[in-house]
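Have a look at the structure below before the remarks.
Both counts, for ligands and for their atoms, begin at 1 and track the order of listing. None of the values given here were measured: they were computed from a predicted structure. Excluded from the calculations below are hydrogen atoms, water molecules and symmetry mates; all remaining heavy atoms, backbone and side chain alike, are included.
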Amino acid sequence: MTIFQKIARREIPADIIYEEEDFFAFRDIHPQAPVHVLIVPKRVIPRIGDAQPGDAELLGRMIVASKEIAAKLGVIESGYRLVINHGPDAGESVPHLHLHLLGGRAMAWPPG
Ligand code: AMP
């Protein structure tokens with residue numbers, strides 16, 4: 001079981017701020033911005049490169065829900081960034097697909 005599955009099952013504490021039947025969102029334990037939330041499917045897709053056509057609807061709903069989460073956290077007007085890290089060069093550290101929602105400060109482009 002992944003750490004994010006344990007959070008979904010409330011076996012590990014986290015600040016859960018949004019939940020649907022098949023995905024949820026909680027604050028990152030090491031925030032990289034004033035707002036840093038992870039949006040996570042409850043079933044494990046290890047990383048975006050492992051996603052299958054059958055995952056498209058779920059992933060689409062997660063992306064659409066990000067605007068509701070951004071609004072709830074007060075960054076819909078100031079702006080926010082969605083990030084998915086796949087593999088070592090991207091800095092992936094948890095093998096359970098997640099969208100980072102980052103906001104609350106101006107961010108550089110290109111990313112480091
Ligand atoms: P990534 O490097 O893209 O795989 O992102 C994994 C993220 O999960 C990192 O930003 C971590 O800070 C975050 N993280 C790891 N463990 C926890 C936890 N128990 N609660 C909240 N966030 C976590």
Side-chain angles (χ1 to χ4, degrees):
M1 193 173 294
T2 71
I3 193 164
F4 294 165
Q5 281 176 296
K6 290 179 182 171
I7 290 172
R9 294 161 65 112
R10 273 60 174 182
E11 292 172 9
I12 291 177
D15 186 5
I16 296 172
I17 56 160
Y18 184 92
E19 185 157 26
E20 295 202 14
E21 189 180 339
D22 49 6
F23 70 93
F24 70 129
F26 54 92
R27 291 187 194 273
D28 197 292
I29 202 167
H30 296 303
Q32 302 301 313
V35 170
H36 187 175
V37 166
L38 304 177
I39 307 172
V40 184
K42 291 185 181 175
R43 64 181 162 84
V44 179
I45 303 166
R47 57 195 58 79
I48 193 64
D50 297 317
Q52 300 297 314
D55 299 318
E57 196 260 349
L58 170 60
L59 295 175
R61 284 192 290 108
M62 288 166 54
I63 292 171
V64 171
S66 70
K67 69 181 178 189
E68 195 174 325
I69 296 167
K72 185 174 179 178
L73 297 176
V75 294
I76 195 87
E77 298 294 338
S78 53
Y80 59 97
R81 183 174 288 176
L82 297 178
V83 174
I84 300 175
N85 294 320
H86 171 111
D89 277 359
E92 175 200 322
S93 61
V94 177
H96 182 154
L97 175 65
H98 47 281
L99 274 64
H100 295 259
L101 189 162
L102 297 144
R105 66 169 171 83
M107 278 172 266
W109 191 263

Which of the atoms in ligand 1, numbered in the order shown and given with their element, are less than 4.0 Å from a heavy-atom of [X]?
| X | result |
| --- | --- |
| F4 | 8 (O) |
| F26 | 21 (C), 22 (N) |
| R27 | 21 (C) |
| H30 | 12 (O) |
| I7 | 18 (C), 19 (N), 20 (N) |

Got the closest protein heavy atom to [atom], with its distance?
| atom | result |
| --- | --- |
| atom 14 (N) of ligand 1 | I29 CG2, 3.9 Å |
| atom 9 (C) of ligand 1 | D28 OD2, 3.3 Å |
| atom 16 (N) of ligand 1 | I3 CD1, 3.9 Å |
| atom 4 (O) of ligand 1 | S93 N, 2.7 Å |
| atom 1 (P) of ligand 1 | H98 NE2, 3.1 Å |

Exercise for the section: Quickly, which of D50, I39, I45, V44 forms a side chain to side chain contact (heavy atoms under 4.5 Å, CB included) with L97? Name it, please. Expected result: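 When D50, I39, I45, V44 are each tested with L97, the side chain to side chain contact (heavy atoms under 4.5 Å, CB included) holds only for I45.
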Handout entry: Q5: which of I3, I7, T2 passes side chain to side chain contact (heavy atoms under 4.5 Å, CB included)
Key =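 Of all the options given, the one that passes is T2.
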Exercise for the section: Flag A14 as yes when one of its N or O atoms lies below 3.5 Å from any N or O atom of ligand 1, and as no otherwise. Expected result: no
Practice task
Using distance alone, decide if ligand 1 has a nitrogen or oxygen within less than 3.5 Å of any nitrogen or oxygen in N85.
Solution key: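 It does: an N or O of N85 is found under 3.5 Å from an N or O of ligand 1.
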Handout entry: Output field: ring centroids H98/H96 closer than 6.0 Å
Key =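 So the answer is no for these two rings.
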Handout entry: Check: F4 ring centre within less than 6.0 Å of F26 ring centre
Key =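 Ring-ring flag for F4/F26: true, centres closer than 6.0 Å.
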Problem - Residue portion contacting ligand 1 (non-hydrogen atoms closer than 4.0 Å) for L38 - result: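 The answer is the side chain.
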Problem - Heavy atoms from other residues, nucleotides or ligands near CD of E11 exceed 12 (cutoff 6.0 Å) - result: yes
Handout entry: E57/R61 ion pair, N-O < 4.0 Å
Key =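 Salt bridge between E57 and R61, a charged N being under 4.0 Å from a carboxylate O: yes.
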Practice task
Please confirm whether the backbone N or O of V75 pairs with a side-chain atom of E77, one donor and one acceptor, at under 3.5 Å?
Solution key: no
Practice task
Quickly, which of E19, E20, E21 forms a salt bridge (Lys or Arg N to Asp or Glu O under 4.0 Å) with K42? Name it, please.
Solution key: E19
